[in-house]
Number of protein chains: 2
Amino acid sequence: MGLTKIDAYSSETLHKAAIFKALGHPARIAILEYISKQTTCICGEIVAELPLSQASISRHLSELKAVGLIKGTIAGTSVCYCLNQESLPLIIQFSNQLHSPTPQTCCP
Amino acid sequence: MGLTKIDAYSSETLHKAAIFKALGHPARIAILEYISKQTTCICGEIVAELPLSQASISRHLSELKAVGLIKGTIAGTSVCYCLNQESLPLIIQFSNQLHSPTPQTCCP
DNA sequence: ATTATTCATCGTAATATTGCGATATATAAA
DNA sequence: TTTATATATCGCAATATTACGATGAATAAT
């Protein structure tokens, strides 16, 4: 069917899944890593950095922005994107939540 | 096209994206959180926990296993799944990699 | 040996994602 | 005003994902 039963999950679960889904594409990973390498924000040099069309890059950027992983502000004729640092703790928290200090004895 | 240009990215980038992609579905988030709540491993009670068919749960489990987020061993007629704790550092590392101690001045 | 239980896989239908060219919009420059 | 530049969005085609019933395979119980 290709249709996720979203009404079966808590909004918190859906939110986490949405964040990770946005991270689940190599182009978006590359974009985030590129942004994080710059000390200042970046605009559209990513088009030169990745072998994707401007339309595709813009799409990926809007997906990252939709889930709050990046912010973007218009700067003249270009757009300045930067990481939303506030979105990162959620990722770490999820990983910490999964982690158990007591090693499990099954599944060697 | 629906076809990711995988040859354009490093294997490291592809690996990260694959992990996050596996995390990018609410059913798989719910499965991981359920497993992590148990002190011991679990088998197929997840089918009773989520409103998905056994076939669908099995599929999600195999996806999680394929990227190494969980392990599974046959235990008689059932299968014991548990978290692969070794897979968690990658998630934290990625988040730490993105994080910049110096606040960016753009994008208020 | 037969039957029940548990889980994986196949096949199919529905929906989602990806990528791009073409086009629209908005600001800057001339 | 006209033109150039930068980005967003639309519409399409190709591929991927999701979900499930049906079926298969393997062990356990009778």
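Proteins get letters first, then strands, A, B, ... in listed order; numbering begins at 1 in each. Both backbone and side-chain heavy atoms feed into the values below; hydrogens, waters and symmetry mates do not.
With hydrogens and angles disregarded, no donor-acceptor distance shorter than 3.5 Å links the side chain of Ser95(A) to the backbone of Ile92(A). Although no hydrogens or angles enter the test, the distance criterion places no donor-acceptor pair under 3.5 Å between the side chain of Arg28(B) and the main chain of Leu23(B). In this structure, the side chain of Ser36(A) engages the main chain of Glu33(A) through a donor-acceptor pair within 3.5 Å.
Taking every heavy atom of residues 63-80 of chain B and every atom of DNA chain C, pairs under 4.0 Å involve Thr77(B), Ser78(B), Val79(B), by number. Within residues 9-20 of chain B, no residue has any heavy atom under 4.0 Å from DNA chain C.
Between dA16(C) and Lys21(A), no contact under 4.0 Å exists linking OP1 or OP2 to a side-chain N or O. Here Arg59(B) does not reach the OP1 or OP2 of dC10(C): none of its side-chain N or O atoms lies under 4.0 Å away. An OP1 or OP2 oxygen of dA19(D) is reached within less than 4.0 angstrom by no side-chain nitrogen or oxygen of Ser53(B). At the phosphate of dT17(D), neither OP1 nor OP2 sits under 4.0 Å from any side-chain N or O atom of His60(B). The shortest distance between the side-chain N/O atoms of Lys5(B) and the OP1/OP2 oxygens of dC20(C) is below 4.0 Å.
Closest non-hydrogen pair, Tyr9(A) versus Ala27(B), comes out as OH-CB, 3.2 Å. Considering all non-hydrogen atoms of both residues, Leu83(A) and Leu98(B) come closest at CD1-O, 3.3 Å. Smallest separation of non-hydrogen atoms from Ile46(A) and Ile42(A): CD1-CD1, 2.9 Å. Across all their heavy atoms, Ala17(A) and His25(B) have their closest contact at CB-C, 3.7 Å.
Expressed to the nearest 0.5 Å, how far CD1 of Ile57(B) lies from OH of Tyr81(B) amounts to 11.0 Å.
Leu61(B) places its CG atom 15 Å from the C1' atom of dT18(D), with the value rounded to the nearest Å. A straight line from CD1 of Ile57(B) to P of dA8(C) spans 11 Å, rounded to a whole angstrom.
Within the nucleic acid shown, Thr4(A) comes within 4.0 Å of sugar-phosphate atoms alone, with no base atom in reach, counting heavy atoms only.
Closest to the Leu52(A) side chain, of the nucleotides dA19(D), dG19(C), dA22(D), is dG19(C). Candidate nucleotides dA8(C), dC20(C), dA16(C) were compared by shortest atom distance to the side chain of Tyr81(B), and dA8(C) ranks first.
Donor-acceptor pairing under 3.5 Å, judged by distance alone, is present between the side chain of Gln54(B) and the base of dA8(C).
The environment of CD in Glu12(A) is sparse: at most 12 heavy-atom neighbours from other residues, nucleotides or ligands sit within 6.0 Å.
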